[in-house]
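One structure is given below, encoded as structure tokens.
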Amino acid sequence: TSTAMVRVSRAELAHAASQMRERGLIEASQFVSALATSLPRDKPRTRLVEAEEDDASFELARIYFEQRQYRQCASALKDASDSKSCFLRWHALALDAVGKPEELQALRSSLVLASDTDAFHAYLHATLLIECEAYEEAKIELGKSIRKFPLNWSAWMALAKVVTGPGELANLDLPKEHFMADFFSAFLAVEFQDCVKALEIYQHLAADFPNSDYVVAQAALVHYNLRNFDRAQALYEQLLVKDPERIQGMDVYSNILYVKESFAELSFLAHRAMETAKYTPEACCIAGNYFSLRQQHEKAVLYFRRALKLNPDYLSAWTLMGHEYLELKNPPAAIDAYRRAVGVSPRDYRAWYGLGQTYEFLQMPYYALYYYRRAAQLRPTDARMWCAMGQCYESEKLDMASAAIRCYRRAYINDDREGVALHKLANLHKQLGQDEYAAHYFRKNLIRINEEKATGSDAVEALLFLAAHCRNIGSLSEAEEYCTQLLDFGGPAKEKAKSLLMEIRNMQDLQDTPSPGGMDISYSP
């Protein structure tokens, strides 16, 4: 990935943001404006041509556009001939034509010629092609638009929707030396779960945009995806110190507080979000997490529904609502929510994983396995995906121990933090009568348990098996050591350890007792 910085001033970025805002590209304008404010003030400034005065018709049309009165906006500009006014008119008509195939097709025909000369017209033409599912043509138009005006973040985001993977970028004619290409490459790396690459690019971008909140927020998201919750939390708190009213990305921060069961911090975040940004999807999602942590699942569903009324394509709300329905033992509603999440973003593994959990709850392992496989394809380095597949293969309906072992091995290789894989591998090999393999994994699990200072039945089971196995193969000293450790546990395990110790010591006594001098004590019939 190129990280060569194209020298740019605050004034140039501000001018680009103004151009996009005039055309109603609010998100792209906001993105570039934020980048402009992140640059140091002592950067060299470039004298730009002053923007032309807006005439009354354009101002009126822009007001109509911001009020979502798209037909009135187009009507106000019907006699306009300049590029900016024509774009706003077509943009308004395109938004009004959503869900109307005939009008979209007519608008596409009008934009074909204009898209060859104007970056924004090419972008708008591409959005219509995406709406018509003409993805290959859309990529060509987006490439054309981005080459002419690389600072249009909306064009990069539209391209992200239609590329099938980061490897496809090499085949697209994009300004790869421009810093916006680095932002895009990092965004795609996050989308396709290449977290190491994403972090590397964001580190380079942080050097060029030292005060960029966007870069910090994306780095926090990457650490969240890597399950580095402490680091992610620190970055989100850094953002809140800088801007206590911030709401963007705080839904992910609330997920971290939920996982860590930080009741006080999540309560504070939820109350502040509802006070400062009550009618935003993020605030509703934070409140939903708060009520879920308090085991008030019906209230959590209510807030996730509110988030979806504000933004029907809000991925997190669909997925989290599916989790709540699963907690409420309502599998049909959970399946519907997860399917809606997959419809919004097929690249998000959480919804696929949720579908797998739901079908596993319904004792339908074949269906569950299909969805877990989809999740594992998206997150091949996530041990939880492989453990979930292993459990399906272990189920009575499938009973495929060998396949389960392969899955648990993948989980172990990919840093299974919960230690599920080692315990499962040990037990599966034990069930198959492969005692040497079982002992190998029981030993590894015992080392993990001791390192983590964990307690529970796993340690007892491992010690009992290893003590018996070592006794059977004649490693009596090792067997005695395991039995001694078992004496620290109470209940039946302690009694079993005492019994094993007696057997082991009897065997040691027999080994130490010499045969009577030279006497042949072998049995002969």
Side-chain angles (χ1 to χ4, degrees), residues 16-32 61-62 64-74 77 80 82-164 168-169 171-175 178 180-181 183-184 187-188 191 311-315 343-347:
S18 175
Q19 286 181 281
M20 290 183 284
R21 184 184 178 281
E22 286 171 343
R23 291 165 171 81
L25 302 175
I26 306 302
E27 289 183 13
S29 175
Q30 182 185 13
F31 181 86
V32 172
R62 192 159 68 178
Y64 280 137
F65 187 92
E66 290 173 355
Q67 292 175 338
R68 300 185 182 182
Q69 298 179 32
Y70 300 127
R71 285 194 176 276
Q72 290 92 325
C73 172
L77 296 170
D82 63 290
S83 173
K84 180 175 70 177
S85 299
C86 287
F87 176 87
L88 187 59
R89 179 173 180 271
W90 280 328
H91 193 188
L93 288 172
L95 291 171
D96 186 67
V98 171
K100 304 171 186 175
E102 297 83 3
E103 292 185 26
L104 284 173
Q105 188 59 44
L107 196 57
R108 274 180 60 187
S109 302
S110 303
L111 280 166
V112 168
L113 291 176
S115 69
D116 289 334
T117 57
D118 186 277
F120 296 106
H121 292 161
Y123 160 71
L124 186 56
H125 187 207
T127 62
L128 296 179
L129 290 167
I130 292 170
E131 189 73 23
C132 299
E133 299 184 0
Y135 300 130
E136 293 305 316
E137 293 176 64
K139 290 175 193 175
I140 295 169
E141 288 297 297
L142 287 168
K144 190 191 303 180
S145 174
I146 289 167
R147 287 193 299 276
K148 292 178 186 294
F149 196 92
L151 290 170
N152 184 3
W153 185 239
S154 292
W156 292 100
M157 289 296 92
L159 185 59
K161 292 179 182 177
V162 294
V163 297
T164 55
E168 195 176 344
L169 293 183
N171 302 323
L172 299 173
D173 187 8
L174 299 171
H178 198 282
M180 289 293 281
F183 275 104
F184 181 64
F187 180 86
L188 270 194
E191 281 282 290
N311 180 3
D313 291 334
Y314 189 30
L315 177 64
V344 172
S345 175
R347 297 172 187 165

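Closest heavy-atom contact between Leu104 and Ala94: CD2-O, 4.3 Å. Scanning both residues, Ala119 and Lys148, for their nearest heavy atoms gives CB-CB, 3.5 Å. Nearest heavy-atom pair across His91 and Gly24 is CE1-O, 3.6 Å. Between Pro312 and Val344 the shortest heavy-atom distance is O-CG2, 4.5 Å. Shortest non-hydrogen contact noted between Glu141 and Ala126 is CB-CB, 3.8 Å. When all heavy atoms of Lys139 and Val162 are compared, the pair lying nearest together is CE-O, 3.2 Å.
The ring-ring contact (aromatic ring centres under 6.0 Å, His included) test applied to Phe149 returns Phe120, not counting sequence neighbours. By the side chain to side chain contact (heavy atoms under 4.5 Å, CB included) test, Asp173 pairs with Arg147, sequence neighbours left out. In terms of the side chain to side chain contact (heavy atoms under 4.5 Å, CB included) criterion, residue partners of Glu103 (sequence neighbours excluded) are, by chain and number, Arg71, Asp96, Ala97, Lys100. Legend: residues meeting ring-ring contact (aromatic ring centres under 6.0 Å, His included) with Tyr70, ordered by chain and number and at least two apart, are Phe65. Partners of Leu188 by side chain to side chain contact (heavy atoms under 4.5 Å, CB included), not counting sequence neighbours, listed by chain and number: Ala160, Val163, Leu169, Phe184, Phe192. Checked against side chain to side chain contact (heavy atoms under 4.5 Å, CB included), Ala106 has no partners two or more places apart in sequence or in another chain.
We find the CZ-OG distance between Arg23 and Ser29 to be 11.5 Å, quoted to the nearest 0.5 Å. Considering CZ of Arg68 and SG of Cys73, their distance stands at 13.5 Å, rounded to 0.5 Å. The CD1 atom of Ile130 sits 9.5 Å away from the CG atom of Leu128 when rounded to the nearest 0.5 Å. Once rounded to the nearest 0.5 Å, the distance linking CD of Glu191 with OG of Ser345 reads 5.5 Å. Trp156 contributes atom CH2, which lies 10.5 Å from atom CZ of Phe31 (distance to the nearest 0.5 angstrom). Residue Arg89 holds its CZ atom at 8.5 Å from CG of Leu107, rounded to the nearest 0.5 Å.
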The test is side-chain contact (heavy atoms from CB on, under 4.5 Å); show your working for Trp153 and Met20 and say whether it passes. CA-CA 10 Å; Trp153 185 239; Met20 290 183 284; over 6 Å; no
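Two residues are said to be in side-chain contact when any heavy atoms from C-beta on lie closer than 4.5 Å; Leu151 and His178 meet this criterion. Under the 4.5 Å side-chain criterion, counting only non-hydrogen atoms from C-beta, Pro175 is not in contact with Met180. Under the 4.5 Å side-chain criterion, counting only non-hydrogen atoms from C-beta, Gln105 is in contact with Arg108. Tyr135 is listed as a side-chain neighbour of Glu133, based on a closest heavy-atom distance under 4.5 Å. Residues Phe87 and Leu25 form a side-chain contact, since some pair of their non-hydrogen atoms from C-beta on lies under 4.5 Å apart.
Considering Asn152, Leu172, Leu159 as possible partners of Ile146, the one that fulfils the side chain to side chain contact (heavy atoms under 4.5 Å, CB included) test is Leu159.
Within a 6.0 Å sphere centred on CD of Glu168, other residues, nucleotides and ligands contribute more than 12 heavy atoms.
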